Amino acid sequence: MNGNLLTIAEMSTDEILEVLDVTDTMVEVNARRIPKVPALRGRTVVSLFYEDSTRTRLSFETAAKRLSADVMGFSVSTSSTKKGESVRDTVETIEAMGIDAVVVRHGSSGVPAQIARWSGASVINAGDGWHSHPTQGLLDAYTARSRLGSLEGVHVGIVGDIKHSRVARSGIEVFTALGAQVTLVAPPTLLPPNLEPWPVKVAHRLDDVIGDLDICYLLRMQRERMTEALVPSLREYTALYGLTSRRADRLRPDALVMHPGPMNRGVEIAGEVADRPNAVITDQVANGVAVRMAVLYLLLGPGRDALGEIPRDTTVEGSMPDTDTRAM
Ligand code: CP
């Protein structure tokens, strides 16, 4: 990852697999009675969020704390950004306080890469414009691999607003890198004009592919990024592309339903479908903490070799506390 995590496209398949393998260890840490290890003690991680977030911000901050890093939170609404301070001056100000990593979300594509050029700290992209959301891609791949065993030959349908979706871009990159076949399902107005660089198929009707999918990955309609009406109405969108209860009944019994959140229940997914056993949306959130622990560990930690073996059964009541005594 060259000290930063900016896009999935910059990662080799081996690097992706390394994150997923280290995530297995972090899942075990998170299952402990005290889910905390001293791996990043003395390190400082700052979260710099210029756009709203619930899952990504909280899971990065939780991940850093579980690895014993110090965490600085930055909220645009209460910062000197409101007084006109630039991104560069903000980064230099925070860096002067002594930091090791910046987790950045911004509405403009390329801002994390720009910060990486200015900063000596590791930069982790937590979502930039329509461009990339690499940790979302990694947690999606981890969740799918955990359920299905492997992504080789798995058919993933990514459904909805592909055009405005950084989640779709990172998903296409990570799923295809791991051997999955991706079909984008959307009306032409919600697809980017040039699909040639992507090794994907396209379908314009969810009904044409629903019975053939191993994973039905639904995207949120990103109304905040749309500058024009790209679908006639949300009702018509739901009629053609929503995972309604009737459509969900046509999925293979073992097919997974995924969504990055936040969901528009009743638009891209029926509320009842989101709560079915094959919907792994809360697994995605839980795995997000472990994946982000793995990313922070690989960027800031003492190295993969120091990870050590962590016994599976570490949560027995009455045993010694399991922090600070292990290899991590
Ligand atoms: N999936 C995702 O990025 O969610 P948040 O916007 O809540 O972080």
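Throughout, residue positions are numbered sequentially from 1 according to the sequence presented. Because only heavy atoms are used, hydrogens play no part in the values below, and waters and symmetry mates are left out as well, while side chains stay in. Quick caveat: nothing in here was measured; it's all calculated off a predicted structure. When a ligand or atom number is given, it counts from 1 through the structure's own listing order.
In this structure, CZ on R292 lies 3.5 Å from OG1 on T135, to the nearest 0.5 angstrom.
Heavy-atom proximity to T56, at under 4.0 Å, picks out these atoms of ligand 1: 2 (C), 3 (O), 4 (O), 5 (P), 8 (O). Against a heavy-atom cut-off of under 4.0 Å, T54 is close to the following atoms of ligand 1: 5 (P), 7 (O), 8 (O).
For atom 4 (O) of ligand 1, the nearest non-hydrogen atom of the protein is R55 NE, 3.1 Å. If you check which protein heavy atom lies closest to atom 6 (O) of ligand 1, you get R105 NH1, 2.9 Å.
Using a non-hydrogen distance threshold of 4.0 Å, H133 registers as a contact of ligand 1. At least one heavy atom of G261 sits under 4.0 Å from some atom of ligand 1.
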Practice item. Check the pair R145, D21 against salt bridge (charged side-chain N to carboxylate O under 4.0 Å, His left out), reporting the backbone distance first and the verdict last. Key: CA-CA 11 Å; R145 192 178 80 157; D21 289 347; 3.3 Å; yes

Check your understanding: Is there a salt bridge (charged side-chain N to carboxylate O under 4.0 Å, His left out) between R220 and D161 once you walk through the steps?
Key -> CA-CA 7 Å; R220 184 173 66 88; D161 182 6; over 6 Å; no

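No hydrogens or angles considered: a donor-acceptor pair under 3.5 Å links the side chains of H155 and T183.
Considering backbone and side-chain atoms alike, S53 places an N or O below 3.5 Å from some N or O of ligand 1. No N or O atom of P262 sits closer than 3.5 Å to an N or O atom of ligand 1.
Note on ring orientation: taking the six-membered ring where Trp is involved, the planes of W130 and H164 are perpendicular (angle over 60°, cut-offs 30° and 60°).
A salt bridge links R276 to D249: at least one charged side-chain nitrogen sits closer than 4.0 Å to a carboxylate oxygen.
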